[in-house]
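Each remark here refers to the structure printed beneath this line.
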Amino acid sequence: MSDPTVLLDRADGVATITLNRPDKLNSFTVEMHAALAEALAAVAADETVRCTLMTGAGRGFCAGQDLNDRAVAPGETMPDIAESIEARYNPMIRAVRDLRMPVICAVNGVAAGAGANLAFACDIVLAARSASFIQAFCKIGLVPDSGGTWTLPRLVGPARAAGLMMLGDKVPAEQAAQWGMIWRVVDDEALMDEARGLARHLATQPTTGLALIKQALAASATNTLDEQLDLERDLQRRAGATDDYAEGVRAFLAKRPPAFTGR
Ligand code: T3D
């Protein structure tokens, strides 16, 4: 029997999802998409999980679509890949963005094509010093997908986004951090300890409040200031009604550490 293409581990309130096709730099097949969709659905349905950590097995994070599945002989017609985007890539990005908890991405190596844009869809991205990011699409005549044309200009600005997407240059992790594409760079051997520590920390924090922050940030990309002020009011109403807010205030006044439950 072949190895599972996605691994899911749950402990201490953290779900760790590992893309697991290391020989092909964890590039996406239909099977791996299905396994990832199943893992994300399981995490979404599990109330004990308060933070998700994504990473890749082996020396790469993810090299995007497995191009072996896109090989056509001369004269043959390429299948309509919009169907693949609609059925698999778009639901994947939506599932990550809709998770009601922070999603950390530990980019352990190269992240190319949809693999890079999957990382950028996560809330906090740590990268190993040897990792890199490539908008590889232009090299094979495609348009960046998986939300890249939405996230990248917001992260780095339109001028850098255009250069990255039209030239397809490899961006080393240090430069990605300097440009604001990711949260931080970590020495290779420290990446997973650091990412797990961060995930365990977030899993003890006010999860509902963190999920509402995620919603506010996503909406701010298209809202006017007036709309965003109204949204902040509404989200704050929900945050203010949580047990964790009451606990946070009690703990502050009692000068003790808070014990958040995520409710
Ligand atoms: O089709 C649709 O559904 C639309 C959706 C599109 C989404 C997309 O993501 S399109 C973009 C697809 N991805 C790419 O174009 C990236 C292709 N890969 C690369 O450019 C390079 O592999 C990397 C820059 C990522 C890494 O380079 P390097 O030198 O570190 O490694 P390598 O030797 O190229 O790759 C190692 C192995 O992984 C190698 O296999 P082998 O020769 O050892 O058996 C290579 O063929 C394989 N591999 C890497 N990327 C892919 C791949 N195999 C299939 N598909 C890949 N995308």
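When a ligand or atom number is given, it counts from 1 through the structure's own listing order.
For ligand 1, the polar-atom distance check against Y89 finds no nitrogen or oxygen pair separated by under 3.5 Å. Geometrically, ligand 1 and D145 share no nitrogen or oxygen pair separated by less than 3.5 Å. Ligand 1 has no N or O atom lying under 3.5 Å from any N or O atom of I85, backbone or side chain.
Ranked by closest heavy atom to atom 13 (N) of ligand 1, the top entry among A63, A136, G64, A111 is A63.
Of all the atoms in ligand 1, the ones that sit under 4.0 Å from a non-hydrogen atom of F137 are 7 (C), 8 (C), 9 (O), 10 (S). Close approach of ligand 1 to S84 is summarised as follows: ligand atoms under 4.0 Å from at least one heavy atom of the residue are 2 (C), 3 (O). Those atoms of ligand 1 that come under 4.0 Å of a heavy atom in A112, given as number and element, are 25 (C). Of all atoms in ligand 1, listed by their number and element, those nearer than 4.0 Å to a heavy atom of A114 are 7 (C), 8 (C), 9 (O).
T242 and D244 form no side-chain donor-acceptor contact under 3.5 Å, judged by distance and modelled atom types alone. Residues S130 and D188 bring a donor and an acceptor atom of their side chains to less than 3.5 Å of each other.
Not a single protein heavy atom sits closer than 4.0 Å to atom 46 (O) of ligand 1. For atom 42 (O) of ligand 1, the nearest protein heavy atom lies 4.0 Å away or farther. Proximity of atom 18 (N) of ligand 1 to the protein is not indicated, since no non-hydrogen protein atom lies closer than 4.0 angstrom. At a distance under 4.0 Å, a protein heavy atom can be found next to atom 3 (O) of ligand 1. At a distance under 4.0 Å, no protein heavy atom can be found next to atom 21 (C) of ligand 1. Within a 4.0 Å radius of atom 29 (O) of ligand 1, the protein contributes no non-hydrogen atoms. At a distance under 4.0 Å, a protein heavy atom can be found next to atom 38 (O) of ligand 1.
The closest approach between any non-hydrogen atom of D23 and ligand 1 is below 4.0 Å.
Here the protein heavy atom with the shortest distance to atom 55 (N) of ligand 1 is L67 N, 2.9 Å. At the shortest separation from atom 24 (C) of ligand 1 among protein heavy atoms lies I134 CD1, 3.5 Å. Protein heavy atom nearest atom 31 (O) of ligand 1, with residue, atom name and distance: R59 NH2, 2.9 Å. Annotation: atom 40 (O) of ligand 1 to nearest protein heavy atom, K24 NZ, 3.7 Å. Closest to atom 57 (N) of ligand 1, if we only count protein heavy atoms, is Q65 O, 2.8 Å. The closest protein non-hydrogen atom to atom 26 (C) of ligand 1 is L25 CD1, 3.6 Å. Remark: minimum distance from atom 54 (C) of ligand 1 to any protein heavy atom is reached at D66 OD1, 3.2 Å.
At a heavy-atom distance under 4.0 Å, only side-chain atoms of R70, from C-beta outward, approach ligand 1.
To the nearest 0.5 angstrom, T207 atom OG1 is 9.0 Å from L202 atom CG.
Within 6.0 Å of atom CZ in R238, 12 or fewer heavy atoms from other residues, nucleotides or ligands are found, so the atom counts as exposed in its surroundings.
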### Stepwise salt bridge (Lys or Arg N to Asp or Glu O under 4.0 Å) check, E194 with R184
CA-CA 11 Å; E194 180 109 3; R184 156 169 151 63; 2.2 Å; yes
### Message
Please determine whether side chain to side chain contact (heavy atoms under 4.5 Å, CB included) holds for the pair K214 and D123, giving the CA-CA distance in whole Å, both sets of side-chain angles, and the decisive distance to 0.1 Å.
### Response
CA-CA 8 Å; K214 202 168 153 160; D123 299 305; 3.1 Å; yes
Determine all donor-acceptor pairs shorter than 3.5 Å in which one atom belongs to a side chain in residues 162-183; sequence neighbours excluded.
residue, atom, partner, partner atom, Å
E174, OE2, R129, NH1, 2.2

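Side-chain contact check for I104 versus M54: every heavy-atom pair is 4.5 Å or farther apart. Counting only heavy atoms from C-beta outward, the side chains of R263 and T208 never approach each other to under 4.5 Å. Between M192 and L53 the shortest side-chain heavy-atom distance falls below 4.5 Å. Two residues are said to be in side-chain contact when any heavy atoms from C-beta on lie closer than 4.5 Å; E227 and D230 fail this criterion. At a threshold of 4.5 Å between non-hydrogen side-chain atoms, the residues Q135 and N117 count as touching.
F28 and H33 have parallel rings, their planes meeting at less than 30° on a 0 to 90° scale where 60° marks the start of perpendicular.
A continuous path of Ile, Leu, Val, Met, Phe, Trp and Tyr side chains, each step under 4.5 Å between heavy atoms, connects L36 with L99, placing both in one hydrophobic cluster.
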